[in-house]
Each structure stands twice: as structure tokens, then as C-alpha cells.
2 protein chains.
Amino acid sequence: MKGYLTFLILWTLKKSEMNGAEISREFEKRRGTKPSPGTIYPALKELRKNELIAMDKSKTYVLTEKGELELKSACKFFCKIFYDVNEMSHYSQE
Amino acid sequence: MKGYLTFLILWTLKKSEMNGAEISREFEKRRGTKPSPGTIYPALKELRKNELIAMDKSKTYVLTEKGELELKSACKFFCKIFYDVNEMSHYSQE
DNA sequence: AGATCAATATTGGATGTCCGATAAATATAT
DNA sequence: ATATATTTATCGGACATCCAATATTGATCT
């Protein structure tokens, strides 16, 4: 399963602003492994290029307004596709 | 967002056995568009090669036992990564 | 049976996604 | 201030993911 990195970066930053290393640790909590530096930093750069996130002097990232809209839209999409995620959760615990 | 196709095929087949066209329509319900034939059939072939699904004479697919185990494991992983999916759902409805 | 439509299969390729290696910048400790 | 560790940045490339186009097979109708 791939493809959720960008989405989760936005989601993570929505909950709390952080720098790259902190985001990486957040990923480690979620899935067990940190993304490689060659993954996370280019991803952040791309998000910044698209103005979905912004960086302050101390390299802390925040969601922009555009980023919020994008995230909301992505959440909507995600929840539609996985509308039955609760069943998945139960199933995995059988 | 990519990478969830195989996972959702397994999940869909867990809920009910179907043929390729029916699986495609199930995807259409979830995300709005059907996967291309060049996507769904090679994916099914690969899953069959890995013995996660099986096909009967009428080309109806079912989860194998191995497929069930794999799916359960994938669900576990998925739910761990997206443990806060309910928040996402609420956020998308704000 | 012949025509028509739906379903399946295959190929080649475009793009996405991510990593490892390496280097530079920055922070921390001694 | 110097050494050490952490964080950030960049490059090239491996592999995954998916599609459009095309061909074939199978079902359905007249």
C-alpha cells in the first residue's frame, strides 16, 4: 500500500505544526517505520511548491488555507472510498 | 492517492464473491470512476497468481484462505495507520 | 445463425511513489 | 570553539500503480 504519504503529511500538520523530523517520527508511530529523508523532504518541497503548506524561519511547517481546502477535499474522498472502514477494523480484530 | 486497489479488491471479495465487471462497478460506487480494464484484469491475475483469490468456471472470484489472512493483516495495518479516520470524517463534514 | 453488446485479456507505456546514498546545514554538548 | 549528533536537502534510480488501446471471448437478442 502506497500513496498516502502526502495525504498524511497534510493531516498531521492540520493537527499540529511540526518540522520534517517530527513528521517522520509521527509516521513511525503510525506505521512502524520512518520515511526515508529522500522521501519526506522532497514531499514537503512539493507541497510547499503547491502552496498547501508553508515554512517559517525555524523550518516548522503549517497548513495554508489552500492546504486546508485540499485536505478537506481529500478527507471527503478518502472517507467515501473507505466508507466501511469500521467493518475493516472489526474484521482485523477477529 | 493510489495504491489501494488491490486492498479494496480483497475487501470487496470478502464481502461478496463477484466477477471482474462487478468489482469494477463496486469501485465506481466508492470513488466515482471505474478502473480501466487494463487495471482491473491484470490486478486480478496477479492476485490469482499469489493465490489470494480463486476463480471458478464462470469467472467469479472468491477469497482463498491465504487471501483472508492477507486481508486481515492488511486491515490491521490500514487501521493502525489511519487510526484517527473518524476525525477525518468529521473534519471533512465541517 | 448472425448481429450486437458486455466482459475479459493483454500489451506497452506514462506517471507516481518511495528509497538509499551522499552532502550540507543546523543544533547540542563538551 | 570544536566535536558530535541531528536535521535538512538533493540526486538518481527502482519499482509500483494505473491507464488507453486493442483484441478476444462470451453472452444475449432477433
Side-chain angles (χ1 to χ4, degrees), chain A residues 1-13 16-62 67 70-71 73-74 77-78 80-82, chain B residues 1-13 16-62 67 70-71 73-74 77-78 80-82:
Chain A
M1 294 208 309
K2 306 174 81 173
Y4 50 83
L5 186 106
T6 294
F7 175 55
L8 270 189
I9 290 176
L10 293 179
W11 178 247
T12 298
L13 289 178
S16 157
E17 57 181 54
M18 350 184 153
N19 62 28
E22 291 166 333
I23 296 174
S24 287
R25 283 191 287 269
E26 175 66 22
F27 267 82
E28 192 174 24
K29 275 190 224 158
R30 286 182 185 263
R31 65 171 193 190
T33 61
K34 279 195 240 188
S36 146
T39 297
I40 191 75
Y41 293 105
L44 289 169
K45 189 179 181 184
E46 178 72 12
L47 285 170
R48 200 146 51 97
K49 198 188 103 195
N50 297 136
E51 295 177 329
L52 301 180
I53 64 178
M55 188 178 83
D56 69 9
K57 323 93 203 165
S58 68
K59 306 202 173 180
T60 299
Y61 291 94
V62 222
E70 179 68 24
L71 174 61
S73 163
F77 185 66
F78 184 84
K80 187 177 178 200
I81 291 187
F82 298 108
Chain B
M1 294 209 307
K2 306 173 80 174
Y4 50 83
L5 186 107
T6 295
F7 175 55
L8 270 189
I9 290 176
L10 292 180
W11 178 247
T12 298
L13 289 178
S16 156
E17 56 181 55
M18 345 183 155
N19 62 28
E22 289 166 334
I23 296 174
S24 287
R25 281 191 287 269
E26 175 66 22
F27 267 83
E28 192 174 24
K29 274 191 225 160
R30 286 183 185 262
R31 66 172 193 191
T33 60
K34 279 195 243 188
S36 145
T39 297
I40 192 74
Y41 292 107
L44 289 169
K45 190 181 181 180
E46 179 72 11
L47 285 169
R48 200 146 50 98
K49 197 187 104 196
N50 296 135
E51 295 178 328
L52 301 180
I53 64 177
M55 188 179 83
D56 70 7
K57 324 93 205 166
S58 68
K59 305 203 173 179
T60 299
Y61 291 95
V62 223
E70 180 69 24
L71 175 61
S73 162
F77 184 67
F78 184 85
K80 186 177 179 199
I81 291 186
F82 297 107

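Protein chains get the first letters and strands the later ones, always in sequence-line order, with residue 1 at the start of each.
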Show me the donor-acceptor pairs, under 3.5 Å and distance only, between side chains in residues 32-50 of chain A and residues at least two apart or in other chains.
| from | atom 1 | to | atom 2 | distance (Å) |
| --- | --- | --- | --- | --- |
| A:T33 | OG1 | A:R31 | NE | 3.4 |
| A:S36 | OG | A:G38 | N | 2.9 |

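Taking five base pairs at each end of the helix from C:dA1-D:dT30 to C:dT30-D:dA1, the local helix axes there meet at an angle of 40°, rounded to 10°.
Residue-level contact check: A:P35 touches the backbone only, with heavy atoms under 4.0 Å from sugar-phosphate atoms and none from bases. Note on B:L5: only backbone sugar-phosphate atoms sit closer than 4.0 angstrom, heavy atoms only; bases stay farther off.
Aromatic ring pairs are classed by plane angle as parallel below 30°, tilted from 30° to 60° and perpendicular above 60°; the pair A:F78 and B:F78 is parallel.
When the ring-ring contact (aromatic ring centres under 6.0 Å, His included) test is applied to A:F27, no partner is found at least two apart in sequence or on another chain. Applying the salt bridge (charged side-chain N to carboxylate O under 4.0 Å, His left out) rule to A:E26 yields the partners A:K29, A:R30; only residues at least two apart in sequence or on another chain are considered.
For the atom pair CZ of B:F7 and OG1 of B:T12, the computed distance is 9.5 Å after rounding to the nearest 0.5 Å. The CD atom of A:E70 sits 12.5 Å away from atom CD1 of A:I53, with the distance rounded to the nearest 0.5 Å. Taken to the nearest 0.5 Å, the CD1 atom of A:I23 stands 4.0 Å off from the CG atom of A:L13.
Minimum heavy-atom separation, B:E17 to B:Y61: CB-O, 3.1 Å.
B:T39 has a side-chain polar atom (N or O) that falls below the 4.0 Å cut-off from OP1 or OP2 of D:dC19.
When DNA chain C is scanned 5' to 3' for any atom under 4.0 Å from a heavy atom of chain B, the first and last hits are C:dA7 to C:dT17.
B:L8 is listed as a side-chain neighbour of A:I81, based on a closest heavy-atom distance under 4.5 Å.
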Any protein N or O atoms within reach of nucleotides 6-9 of chain D? Criterion: under 3.5 Å, listing atom names and distances.
| from | atom 1 | to | atom 2 | distance (Å) |
| --- | --- | --- | --- | --- |
| D:dT7 | OP1 | A:R25 | NH1 | 3.2 |
| D:dT8 | OP2 | A:G20 | N | 3.4 |
| D:dT8 | OP2 | A:A21 | N | 2.6 |
| D:dT8 | OP2 | A:Y41 | OH | 2.7 |
| D:dT8 | O5' | A:Y41 | OH | 3.4 |
| D:dT8 | O3' | A:K59 | NZ | 3.2 |

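Residue pairs meeting the salt bridge (charged side-chain N to carboxylate O under 4.0 Å, His left out) criterion with at least one member in residues 50-61 of chain B: none, sequence neighbours excluded.
Rounded to an integer number of Å, the gap from B:E46 CD to D:dC18 P is 13 Å.
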